[in-house]
Asks: 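Mind looking over this structure? Questions follow.
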Amino acid sequence: MRYPLGFIGAGNMSGAIIKGLLNAGTAPGDLLICARTQATLDTYQALGCATTLDASEVMRTCDAVMLGVKPQMLKDVLQPLADEAQAHQPLLLSVVAAIPATSIERWLGGNLAIIRTMPNTPSLVKQGATGLYANERVTDAQKSLAETTFAGIGRYSWVDNEADLHAVTATAGSAPAYFFQFAESMQKTALELGLTDAQSRTLIGQTMLGAATMILETDTDIAQMRKNVCSPNGTTERAIQSFQTDDIDAVVRRAMLACLERSEELSSELGDA
Ligand SMILES: NC(=O)C1=CN([C@@H]2O[C@H](COP(=O)(O)OP(=O)(O)OC[C@H]3O[C@@H](n4cnc5c(N)ncnc54)[C@H](O)[C@@H]3O)[C@@H](O)[C@H]2O)C=CC1
Ligand SMILES: O=C(O)[C@@H]1CCC=N1
């Protein structure tokens with residue numbers, strides 16, 4: 001039996017991709033999922049996917065293999081799979097933050113086509129944002145396959161320079177959490193102001209979706225859209241003045257640079273240069 005796509009690791013991120021692909025119409029039987037526990041496999045079996053506890057089966061039977069384990073585990077997971085990888089030469093798609101393609105290639109014995117991806121969890125609802133980087137062995141057909149996969153669960157953008165994936169992590173991979181943090185803070189105040197959990201969830205979620213849709217579907221500058229909400233001496237102006245007094249640009253910049261710095265640190269701590 002051969003499968004177009006296999007997964008080694010099926011946690012939060014790979015799980016979002018798998019479920020996003022199924023929502024987008026991928027046939028469940030086209031996916032082979034490898035996880036460490038039978039309980040996780042049961043979840044995917046119930047969705048109709050093929051499953052295995054044996055990662056070498058994924059290397060042996062899949063045309064493309066998505067790597068979805070934690071950066072700290074990747075070397076130990078990959079090294080025992082080198083013979084299978086060399087014998088079968090699947091396309092490798094890594095969602096693993098920070099670990100360079102050269103390390104993945106070395107741990108698997110060399111000479112492999114690798115696409116590093118930096119997706120995010122809104123892939124679950126077909127609204128993912130993914131950065132893609134291909135090493136020099138990836139063919140145009142393999143790039144198209146990655147594009148089809150990630151276009152099915154959101155939007156993607158290629159980077160030519162692998163180091164730019166650190167910036168993609170700070171701007172998209174980690175960024176759903178920034179917006180959840182902001183929504184969480186807004187919800188606390190909305191509850192304090194007397195709205196219910198359900199009312200605040202609907203109003204905050206729909207407002208974020210509306211603002212995001214305007215960013216994607218109009219050419220208007222983001223700063224201009226913000227100004228358009230602010231009537232002179234009106235309500236929004238007061239809120240924005242409060243954010244600016246607290247130097248929101250500096251707060252956001254510090255957080256994004258902290259994220260980027262951690263990605264660079266993980267790369268040098270865990271990658272084999
Ligand atoms: N969570 C997120 O929003 C994002 C995560 N990533 C990357 O995705 C990767 C996974 O992150 P999460 O999904 O959040 O972690 P997670 O801990 O939810 O998932 C990792 C999964 O890998 C499994 N695993 C470990 N060793 C295995 C093995 N030998 N065979 C099969 N499965 C094995 C674990 O049991 C676990 O279910 C990380 O490298 C992270 O950098 C990338 C972008 C966003
Ligand atoms: O927090 C992390 O390390 C991973 C990578 C991007 C999002 N989550």
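Keep in mind that the numbers below use all heavy atoms, side chains included, and drop hydrogens, waters and symmetry copies. All ligand and atom numbering here is 1-based and tracks the order in the structure.
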Asks: Just to confirm my output: which protein heavy-atom neighbour is closest to atom 2 (C) of ligand 2, and how far is it?
Replies: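 It is Ser174 OG, 4.8 Å.
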
Asks: Give me the nearest non-hydrogen protein atom to atom 10 (C) of ligand 1 as residue plus atom name, then the distance to 0.1 Å.
Replies: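 Ranked first by proximity to atom 10 (C) of ligand 1 is Gly68 O, 3.3 Å.
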
Asks: Looking only at protein heavy atoms, which one is nearest to atom 26 (N) of ligand 1, and how far off is it?
Replies: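 Of the protein heavy atoms, Arg36 CD, 3.6 Å lies nearest.
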
Asks: If we only count N/O pairs under 3.5 Å, is Asn120 in contact with ligand 1?
Replies: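 No; every N/O pair is 3.5 Å or more apart.
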
Asks: Specify the protein heavy atom at minimum distance from atom 3 (O) of ligand 1: its residue, its atom name, and the distance to 0.1 Å.
Replies: Thr121 CG2, 3.3 Å

Asks: With a 4.5 Å heavy-atom cut-off, do Leu216 and Arg155 have their side chains touching?
Replies: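 In contact.
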
Asks: Looking only at protein heavy atoms, identify the closest one to atom 19 (O) of ligand 1 and say how far it is in Å.
Replies: Gly11 CA, 3.2 Å

Asks: Is any heavy atom of the protein nearer than 4.0 Å to atom 7 (C) of ligand 2?
Replies: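 For atom 7 (C) of ligand 2 the answer is yes, since some protein heavy atom falls inside 4.0 Å.
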
Asks: Could you tell me which residues satisfy side chain to side chain donor-acceptor pair (under 3.5 Å) with Thr139, sequence neighbours excluded, listed by chain and number?
Replies: Gln142

Asks: So how far is it from Leu41 CG to Leu53 CG, rounded to the nearest 0.5 Å?
Replies: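 Leu41 CG to Leu53 CG: 5.0 Å, rounded to 0.5 Å.
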
Asks: Can you find a non-hydrogen atom of Cys34 under 4.0 Å from ligand 1?
Replies: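 So Cys34 counts as touching ligand 1.
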
Asks: Report, in ascending order of atom number, the atoms of ligand 1 lying under 4.0 Å from any heavy atom of Pro119.
Replies: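 Heavy-atom distances to Pro119 below 4.0 Å select 43 (C), 44 (C).
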
Asks: Below 4.5 Å, heavy atoms only, C-beta onward: do Ser174 and Met256 meet side chain to side chain?
Replies: no

Asks: Identify, for atom 29 (N) of ligand 1, the protein heavy atom at the shortest distance, and state residue, atom and that distance.
Replies: Val77 CG2, 3.6 Å

Asks: Go through ligand 1 atom by atom and flag the ones less than 4.0 Å from a non-hydrogen atom of Val95.
Replies: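 Answer for ligand 1: 6 (N), 7 (C), 8 (O), 42 (C).
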
Asks: Is the shortest side-chain heavy-atom distance between Met214 and Thr220 below 4.5 Å?
Replies: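 They are not in side-chain contact.
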
Asks: Can any side-chain N or O of Asn23 pair as donor or acceptor with the backbone N or O of Leu124 at less than 3.5 Å?
Replies: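 Pair found, side chain donor or acceptor close to backbone of Leu124.
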
Asks: Only one of Asp160, Ile115, Ile114, Leu165 clears side chain to side chain contact (heavy atoms under 4.5 Å, CB included) with Tyr133; which?
Replies: Leu165

Asks: Would you call Glu261-Arg254 a salt bridge at under 4.0 Å N-O?
Replies: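 No salt bridge links Glu261 with Arg254.
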
Asks: Tell me, which protein residue and heavy-atom name are nearest atom 5 (C) of ligand 1, and how many Å apart are they?
Replies: Met13 CB, 3.6 Å

Asks: Hey, is the main chain of Leu112 close enough, under 3.5 Å, to the side chain of Gln89 for a donor-acceptor pair?
Replies: no

Asks: Going by the order shown, which atoms of ligand 2 are within less than 4.0 Å of some heavy atom of Gly173?
Replies: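 Answer for ligand 2: 6 (C), 7 (C).
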
Asks: A side-chain contact here means heavy atoms from C-beta on lying under 4.5 Å apart; do Ile215 and Met225 qualify?
Replies: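 Yes, close enough: below the 4.5 Å cut-off.
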
Asks: Nearest protein heavy-atom contact for atom 12 (P) of ligand 1: which residue, which atom, what distance?
Replies: Lys70 NZ, 3.7 Å

Asks: In terms of atom number and element, which parts of ligand 1 are under 4.0 angstrom from non-hydrogen atoms of Gly9?
Replies: 22 (O), 23 (C), 31 (C), 32 (N)

Asks: With heavy atoms under 4.0 Å as the rule, classify the contact between Ala35 and ligand 1 as side chain, backbone, both or neither.
Replies: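 It is the backbone that touches ligand 1; the side chain stays farther off.
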
Asks: Starting from atom 9 (C) of ligand 1, which protein heavy atom do you reach first, and at what distance in Å?
Replies: Val69 O, 3.4 Å

Asks: Checking a contact table here: which protein heavy atom is nearest atom 3 (O) of ligand 2, and how many Å away?
Replies: Ala97 CB, 4.8 Å

Asks: Before accepting this row, confirm whether a basic side-chain N of the pair Glu57/Arg60 lies closer than 4.0 Å to the acidic partner's carboxylate O.
Replies: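 Salt bridge between Glu57 and Arg60, a charged N being under 4.0 Å from a carboxylate O: no.
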
